[in-house]
There are 2 protein chains.
Amino acid sequence: MQNRLTIKDIARLSGVGKSTVSRVLNNESGVSQRTREKVEAIVNQHGFSPSRSARAMRGQSDKVVAIIVSRLDSLSENLAVQTMLPAFYEQGYDPIMMESQFSPELVGEHLQMLSHRNIDGVVLFGFTGITEDLLASWQSSLVLLARDANGFSSVCYDDEGAIQLLMEKLYAQGHRHISFIGVPHSDVTTGKRRHDAYLACCQQYQLESLSVLPGLAMTQGYDHVAEVLTPQTTALLCATDTLALGASKYLQQQRIENVQLASVGNTPLMKFLHPEIVTVDPGYAQAGRQAAAQLIEQVNGRADLRKIVIPAKLA
Amino acid sequence: MQNRLTIKDIARLSGVGKSTVSRVLNNESGVSQRTREKVEAIVNQHGFSPSRSARAMRGQSDKVVAIIVSRLDSLSENLAVQTMLPAFYEQGYDPIMMESQFSPELVGEHLQMLSHRNIDGVVLFGFTGITEDLLASWQSSLVLLARDANGFSSVCYDDEGAIQLLMEKLYAQGHRHISFIGVPHSDVTTGKRRHDAYLACCQQYQLESLSVLPGLAMTQGYDHVAEVLTPQTTALLCATDTLALGASKYLQQQRIENVQLASVGNTPLMKFLHPEIVTVDPGYAQAGRQAAAQLIEQVNGRADLRKIVIPAKLA
DNA sequence: CTGTTAGCGCGTTCAA
DNA sequence: TTGAACGCGCTAACAG
């Protein structure tokens, strides 16, 4: 806010040239220990930090990244962003936030805004409708979350593993009629993969499968859970905590108490409202950290594109 | 990502000087209509946009603001941020996100990071422990949300009005034993103001008051609601949706069905889980828009510091 | 009305 | 090992 010092001032104050200060600031070699210490002392004493805009103009990075969440109030994405932010701060990156509202068009607009600004990289929470060509120009500076795409880095959840853990646990608890409520297959990960895993487990345990795939919204869980409840049903597997929340409201209203809920999510809200639920933690927190780490390495050329899968854990 | 054009290129391409291009870009007067159109044509044709870092270095604004939320998963703050973001985008501001986790120390650290970066302004969601002197150097470029402070702009909720609306409604419904669950008075707005308003309403309607002030967390609502439930209690007023969620879990578990819940919040989660609740919308969405608008006007010197109060509405 | 000139704060030559 | 000079893309002051 006040008149900031410049590298020139620091040079004058420490009795050296501008370029020496620059070298010290950037940890470059070729500066004597004594000089380096002298300059560093002055820098610290004045709390000097070089102007980011000037650096950026010199072709350096702006140290700005963008995080595009689907919805600000997504329980799972919140958990990931929560660990992502500190990871970015620590490396000096400022994360700007954008909300896609599950609209590929909005993602497109946001990316276009970002291409004007000199962004270093983007973390994008994937969803149905995000296509490779929409992201084409960002190949090297984007990390996709919760989805993968050819030619892009991604951090994904272990959808199959999560469902398997849940089914295993339910089976061990003696459940033999386990229904499933999930998301349409147009959603590849949360939708198709989790449902397929459920079906595979049913086959493996020789159980009848019964499923409905209304969508991601809480109300959809509520509205459609009845379709998979038979008199024999003793357990209900939900593709997400959000669906489980919807389903459990229905169960409560109908005073159905002999159906064990299970879901992948392990969000704080779920843990509070329904601690009795069997839940798998897909590793949102770890995913956030990893996504940030991968993006930083990647934009600095220290890492290639990489697909990371976070292992699921029973909570 | 590719080799961006510069103002110089545009100048060459349109056969004018750099400064003329600059004048056109900044909508400055003193350019003939013909020249302006010619330049604009070239600019649009190439999708040119001036380098933000270069502008910033020339002392212009960086067009970056920061939003410091208390928690990423705050139901109320999410609603405000959701309207704030587009408002900022529209004016060309990039909002960087930070989470304070209700820690004044973290706010301090974040503000310090921001003072190094050349930030235009800050929207800060206030909470207990935020003091005027912590924010001292940001007087002119900060908008406080949900709190007010001397010498600062703020956007506040009408705590008294919200409680009054709720009490009025409950009274009209015939309730005469209305308990209150809220937040300690150390929290000035959500805590003291709402509780005081409750007490005042009780006096006005000649009702006995019965209240407990455990805190903001859902679990606190759950753990302490029993303390304000008597055999006569027919309604329970909650200072926030989050508390109401906690309380309602308790009521459900205890199969208590003759207590009408009321709360200030009107968040989507609440509306879904408990549509039967009497709820007041404190105007989170509007608050977000206003905060963004006020901050932008303010940092552009087009507005003075201002305290804005959002009126509450029955949902 | 318009073009030329001089920096903004920094990184990067290049000579010393 | 160091410093002086130059230029990044832009705006502002000045000259035409």
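Residue numbers begin at 1 in each chain, while the letters A, B, ... track the order of the sequences.
Arg117(B) and Asp94(A) are joined by a salt bridge, as a carboxylate oxygen and a charged side-chain nitrogen come within less than 4.0 angstrom of each other.
No side-chain donor-acceptor contact under 3.5 Å links Ser61(A) to the backbone of Asp120(A).
Comparing Gly30(B) and Met57(B) along DNA chain C, the residue whose closest nucleotide (by nearest heavy atom) sits nearer the 5' end is Gly30(B). Residue Val31(A) is the one, among Phe48(B) and Val31(A), whose nearest nucleotide of DNA chain D lies closer to the 5' end (criterion: closest heavy atom).
Among the heavy atoms of the strands lying under 4.0 Å from Ser51(B) are primed sugar atoms or P, OP1, OP2 only; no base atom is included. Residue-level contact check: Ser22(A) touches the bases, meaning some heavy atom is under 4.0 Å from a base atom. Within 4.0 Å (heavy atoms only), Thr35(B) reaches sugar-phosphate atoms of the nucleic acid but no base atom.
The nucleotide whose nearest atom lies closest to any side-chain atom of Arg55(B) is, among dC10(D), dT2(C), dG9(C), dC10(D). Of the candidates dT2(C), dT2(D), dC8(D), dT2(C) carries the atom nearest the Arg23(B) side chain, counting heavy atoms from C-beta on. Closest to the side chain of Thr6(B), out of dA6(C), dC10(C), dG9(D), is dG9(D). Among the nucleotides dT2(C), dA12(D), dG7(D), the one closest to any side-chain atom of Arg58(B) is dA12(D). When each of dT11(D), dC10(D), dG11(C) is scored by its nearest atom to the side-chain atoms of Ala54(B), the top-ranked nucleotide is dC10(D). Checking dC14(D), dC10(C), dT12(C) against every side-chain atom of Glu28(A), the shortest atom distance belongs to dT12(C).
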Report task. Decide side-chain contact (heavy atoms from CB on, under 4.5 Å) for Val43(B) and Val24(B); before the verdict, give the C-alpha distance in whole Å, the side-chain angles of both, and the deciding distance to 0.1 Å. Result -> CA-CA 10 Å; Val43(B) 165; Val24(B) 172; 5.8 Å; no
Query raised in the report: Under the side-chain contact (heavy atoms from CB on, under 4.5 Å) criterion, do Arg71(A) and Glu77(A) qualify, and how do the steps go?
Result: CA-CA 8 Å; Arg71(A) 300 217 25 176; Glu77(A) 293 183 12; 5.6 Å; no
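Separating the CZ atom of Arg12(B) from the C1' atom of dG3(C) is a distance of 16 Å, rounded to the nearest angstrom. Here the C1' atom of nucleotide dC10(D) and the CG atom of Leu25(B) are 10 Å apart, to the nearest Å. Remark: C1' of dC8(C) and CG of Asp9(A) are 13 Å apart, rounded to the nearest angstrom. At whole-Å resolution of the value, NZ in Lys18(B) and C1' in dT5(C) are 9 Å apart. The CD1 atom of Ile7(B) sits 18 Å away from the P atom of dG7(D) (whole-angstrom rounding). In this structure, Asn26(B) atom CG and dG9(D) atom P are separated by 17 Å, rounded to whole Å. Distance CZ (Arg117(B)) to P (dC10(C)): 14 Å, rounded to an integer number of Å. The separation between Ile10(B) atom CD1 and dT11(D) atom P is 13 Å, rounded to whole Å.
Counting heavy atoms from C-beta outward, Val21(A) and Val16(A) have side chains that approach closer than 4.5 Å. Side-chain contact between Lys18(A) and Ile10(A): absent, with no pair of heavy atoms (C-beta onward) separated by less than 4.5 Å.
Between dG9(C) and Ser53(A), no contact under 4.0 Å exists linking OP1 or OP2 to a side-chain N or O. Taking side-chain N and O atoms only, Thr20(B) has a distance below 4.0 Å to OP1 or OP2 of dG3(C).
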